[in-house]
Amino acid sequence: KESKFMGVYNSISESFKTSFKEITGGGEAWLVLENEKSPFEGGVTIKARMPRKKLYPVEALSGGEKSLVSMAFIFAIQGYDPSPFYLLDEPDQNLDGVNTEHIGRAIALQSNFAQFLVVSLHHAALRESDNVIGVFMGDDGVSRLHQIIDVDTFLSSLPVEAEVG
Amino acid sequence: KESKFMGVYNSISESFKTSFKEITGGGEAWLVLENEKSPFEGGVTIKARMPRKKLYPVEALSGGEKSLVSMAFIFAIQGYDPSPFYLLDEPDQNLDGVNTEHIGRAIALQSNFAQFLVVSLHHAALRESDNVIGVFMGDDGVSRLHQIIDVDTFLSSLPVEAEVG
Amino acid sequence: MRLLELEFENFKSFKGHVTVPLGPGFTCITGPNGSGKSNITDAILFVLGSRSNKLLRARNRKQLIYGFQEGSKKKTGPKSCKVSMVFDNRDRFLAIEKDQVTFTKGIKLRGNDTATHYLLDGIKSSAGEFEALFSRAGLYATGYNIIQQGDVIQTSLMSGTERRHKIEDVA
Amino acid sequence: MRLLELEFENFKSFKGHVTVPLGPGFTCITGPNGSGKSNITDAILFVLGSRSNKLLRARNRKQLIYGFQEGSKKKTGPKSCKVSMVFDNRDRFLAIEKDQVTFTKGIKLRGNDTATHYLLDGIKSSAGEFEALFSRAGLYATGYNIIQQGDVIQTSLMSGTERRHKIEDVA
Ligand SMILES: Nc1ncnc2c1ncn2[C@@H]1O[C@H](COP(=O)(O)OP(=O)(O)OP(=O)(O)O)[C@@H](O)[C@H]1O
Ligand SMILES: Nc1ncnc2c1ncn2[C@@H]1O[C@H](COP(=O)(O)OP(=O)(O)OP(=O)(O)O)[C@@H](O)[C@H]1O
Ligand SMILES: [Mg+2]
Ligand SMILES: [Mg+2]
């Protein structure tokens, strides 16, 4: 049982290094077993270093940085054993303009191997997706869906708002 | 002691009605004492109805709607007894394009009566503010500040990203 | 192994019958605040067997039925709701000998309470059968593959032990 | 009654001496992810007496000093940091007979631990004196007037009892 876990763990740790490096454009991340001799007696810790920065404890990272760490970890597990689908409700809530692009592209890449349903308010996510479902609520308090065929027209019809950075 | 609390409570409840109506453009909100006879034996509950919608329990509201409720509550207490300053780190994280405008304008109005320091990635907040402080980190891992004098030039220099709605 | 479509009937803000066709690849769900996007997420968690009403932003199951209002006597409006998830099962990731599998979970008002019912391809099923099929396929309402609004940072902040469990679930 | 400026010395990502002038009215702090915006929020919470290192995203106080790195022997780099908050007190919202009041809180490395020191207008003070002055002025690290990143929804979700306490604090 322990060797099965170690096989999975090592594989995910490798994927995590790769996906974090890709999402952040050069950052380094890896997993650490709190108890190397008896893995089940300790947890699994994340170490992550953003590009051009030193290594800080993961709790000291910013909201946007933590979001990227979380997404890289999800992609890492997907790399080992994909889930039938991924359901992410506003994973880009904390991200600036540059990072919403990076994560949008990363999800688009990963979606070649699994189905991704992502709720987002960001243009980058809409542009990178294969399909946009628009949800609207009328004055009658009823939600209705519209398939958005032309993303660019849809986006230009909205009040432009934007993230900084 | 109880009558002092009731005086404050009623005043805040009134302000809350007004500020929520203003932030949401017509919504209704009020406070309720869980134990009307002995206020200190119960808590204070929020009831909030978004414009053109029925009354739903506050936990059923969306992320953006809850953010507006929270901001209205803060403004309500400010109405009664302003704090020396307000420090809000990304209060607009959940808001769509229309609501980031509303909250930006609401903060600008309230800032006539108190100092507001707001961290935000949204253009609406930058445009409504009196002052923008830009924080940047160089490749040396050191944070530096810049007073942003011309907000429009600053915004147009950034990769444009935007919220929907 | 993927979702083909979702069907709602009076679930939260979705009145009447609504079908949500889902493509493979990357689907983005967008719209103004309060329009119903997270209610779609809740619908999926509901079928996957989320035990906690709190995770569905409901104090009790009655609140999941379209038109539920605070403090109303609720004499009018729907007395039930249901959600169906239709899976493409050609690769047999679900332990059922069928190319397409539909899971339906519904709630009916019963006096001052609710009753929950389950259908598997239209045939009466149970919470237990759903749980057995989902867990064998590695699908959990609390799985690493589902992030609710506001929780994306949690994945990097969870305790070491919880993270080890997520990895064990996959193993 | 407002903040005139903040001064950092080796606090988190702010190396050396940095002054942050603050106008009255509405100041917006912006910039890319990880640039240092929330570190400014942490600095203010630090002076206001946040008891919890977790709220400052630090496992221990050493991590608040510029250059703290995981696992390094930390032989080089600053051994201390401090933060000052300068208030306009012309309306005497702080119980001190001065038009301007500066609160300074700092940390020094001491062996494998840290020592915390307090200055009030440059004169040795204490956690107790800070707390007395702040609470009389209605300023708390956990006050309703401070929202940390990710917490804005909390204000509408807090328990009824906690909300009553927030109102009692103001009364
Ligand atoms: N039982 C119900 N019947 C009718 N409407 C409901 C019911 N439960 C919730 N709603 C509606 O759903 C809304 C919340 O929808 P939802 O959380 O999906 O919004 P959202 O699109 O995710 O918004 P945001 O972008 O702010 O997160 C509530 O404001 C309410 O109007
Ligand atoms: N002791 C320290 N010494 C040097 N740098 C530090 C220290 N502690 C934290 N940092 C840096 O501060 C960064 C986090 O900064 P902060 O949380 O203020 O970012 P932010 O601007 O709020 O970003 P976001 O928009 O993502 O929330 C960390 O990534 C780290 O690089
Ligand atoms: Mg939502
Ligand atoms: Mg931040």
Side-chain angles (χ1 to χ4, degrees), chain B residues 4-5 7-9 12 34 39-40 42-46 48 58-59 61 63 66-67 69-71 73-74 77-78 80-81 83-91 93-94 107-108 111-112 114-121 125-126 128-137 141-143 145 148, chain D residues 1-3 12-16 18-41 44-45 66-67 87-88 93-94 137-139 143-157 159-168 170-171:
Chain B
K4 184 169 200 294
F5 171 81
V8 179
Y9 169 80
I12 289 176
E34 286 170 355
F40 292 120
V44 172
T45 314
I46 288 180
V58 82
E59 64 268 13
L61 296 182
K66 281 171 178 143
S67 301
V69 168
S70 297
M71 291 304 301
F73 187 67
I74 288 171
I77 303 188
Q78 177 192 3
Y80 174 78
D81 181 24
S83 191
F85 65 88
Y86 290 83
L87 178 59
L88 313 176
D89 197 332
E90 299 200 30
Q93 209 170 47
N94 282 288
I107 293 173
S111 69
N112 289 319
Q115 182 182 40
F116 277 80
L117 310 176
V118 180
V119 177
S120 176
L121 297 182
L126 273 68
E128 293 291 340
S129 64
D130 303 314
N131 254 314
V132 177
I133 295 178
V135 189
F136 303 93
M137 187 176 281
V142 175
S143 289
L145 309 175
I148 308 285
Chain D
M1 64 171 189
R2 68 173 184 92
L3 277 165
K12 287 198 142 193
S13 56
F14 292 90
K15 179 178 180 179
V18 180
T19 303
V20 192
L22 295 170
F26 180 3
T27 296
C28 191
I29 298 168
T30 197
N33 289 140
S35 59
K37 309 179 293 295
S38 297
N39 289 344
I40 295 174
T41 305
I44 290 173
L45 286 170
Y66 170 79
F87 284 99
D88 174 345
F93 83 99
L94 289 162
L139 272 176
Y144 80 95
N145 59 313
I146 299 180
I147 293 186
Q148 287 191 281
Q149 190 166 356
D151 288 351
V152 65
I153 289 182
Q154 235 14 64
T155 312
S156 57
L157 282 188
S159 73
T161 313
E162 200 186 335
R163 187 170 299 113
R164 196 196 73 225
H165 288 322
K166 295 269 186 243
I167 294 178
E168 289 179 59
V170 177

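Throughout, a chain's letter reflects where its sequence line sits, starting with A, and its residues are numbered from 1. Reckoned from all heavy atoms, side chains included, excluding hydrogens, waters and symmetry mates. Values in this document were obtained by computation on a predicted structure and should not be read as measured data.
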**Prompt:** Is chain D contacted by the side chain of Asp81(B), its backbone, both, or neither, given a heavy-atom distance below 4.5 Å?
**Reply:** both
**Item:** Side chain, backbone, both or neither of Ala48(B) within contact of chain D (heavy atoms, under 4.5 Å)
**Value:** neither
Chain D interface, residue from [options] that has the most non-hydrogen pairs under 4.5 Å:
options	answer
Ala108(B), Ser111(B), Gly134(B), Pro84(B)	Pro84(B)
Ile74(B), Ile12(B), Val69(B)	Ile74(B)
Ile107(B), Val132(B), Leu88(B), Ile77(B)	Ile77(B)

As an exercise, state the distance from [atom1] of [X] to [atom2] of [Y], rounded to the nearest 0.5 Å.
X	Y	atom1	atom2	value
Arg163(D)	Ile46(B)	CZ	CD1	4.0 Å
Lys37(D)	Leu117(B)	NZ	CG	15.0 Å
Leu145(B)	Ile29(D)	CG	CD1	8.5 Å
Phe40(B)	His165(D)	CZ	NE2	10.0 Å
Gln115(B)	Met1(D)	CD	CE	10.0 Å
Gln93(B)	Gln149(D)	CD	CD	5.5 Å

**Request:** Heavy-atom distances under 4.5 Å only: say whether Leu45(D) touches chain B with side chain, backbone, both or neither.
**Result:** neither
**Asked** More than 12 non-hydrogen atoms from neighbouring residues, nucleotides or ligands closer than 6.0 Å to NZ on Lys15(D), yes or no?
**Response** no
**Message:** Does Ser129(B) form a side chain to side chain contact (heavy atoms under 4.5 Å, CB included) with Thr27(D)? I'd like the steps, not just the answer.
**Reply:** CA-CA 6 Å; Ser129(B) 64; Thr27(D) 296; over 6 Å; no
**Message:** Let's go through Val170(D) and Tyr80(B) carefully: what are the C-alpha distance in whole Å and the side-chain angles of both, what is the deciding distance for side chain to side chain contact (heavy atoms under 4.5 Å, CB included) to 0.1 Å, and is it a yes or a no?
**Reply:** CA-CA 9 Å; Val170(D) 177; Tyr80(B) 174 78; 3.6 Å; yes
Quick one, [X] and [Y] - any side-chain contact, counting heavy atoms below 4.5 Å?
X	Y	value
Ile167(D)	Val8(B)	yes
Thr30(D)	Ser120(B)	no
Phe14(D)	Val142(B)	no
Leu139(D)	Ser83(B)	yes
Val152(D)	Asn94(B)	yes
Phe26(D)	Asn131(B)	no
Gln154(D)	Ser70(B)	no
Tyr144(D)	Phe73(B)	no

Shortest non-hydrogen contact between [X] and [Y], atoms and distance:
X	Y	value
Met137(B)	Ser13(D)	CE-CB, 3.6 Å
Gly31(D)	Leu121(B)	O-CD2, 3.3 Å
Asp89(B)	Ser38(D)	OD2-OG, 2.7 Å

So which of [options] has the biggest tally of heavy-atom pairs under 4.5 Å with chain B?
options	value
Asp88(D), Thr155(D), Ile147(D)	Ile147(D)
Gly16(D), Ser156(D), Ala137(D), Pro21(D)	Ser156(D)
Pro24(D), Gly25(D), Ser159(D)	Gly25(D)
Thr19(D), Ile44(D), Val18(D), Thr161(D)	Ile44(D)

**Request:** Take Asn145(D) and Leu87(B) through the side chain to side chain contact (heavy atoms under 4.5 Å, CB included) test and state the conclusion after the steps.
**Result:** CA-CA 6 Å; Asn145(D) 59 313; Leu87(B) 178 59; over 6 Å; no
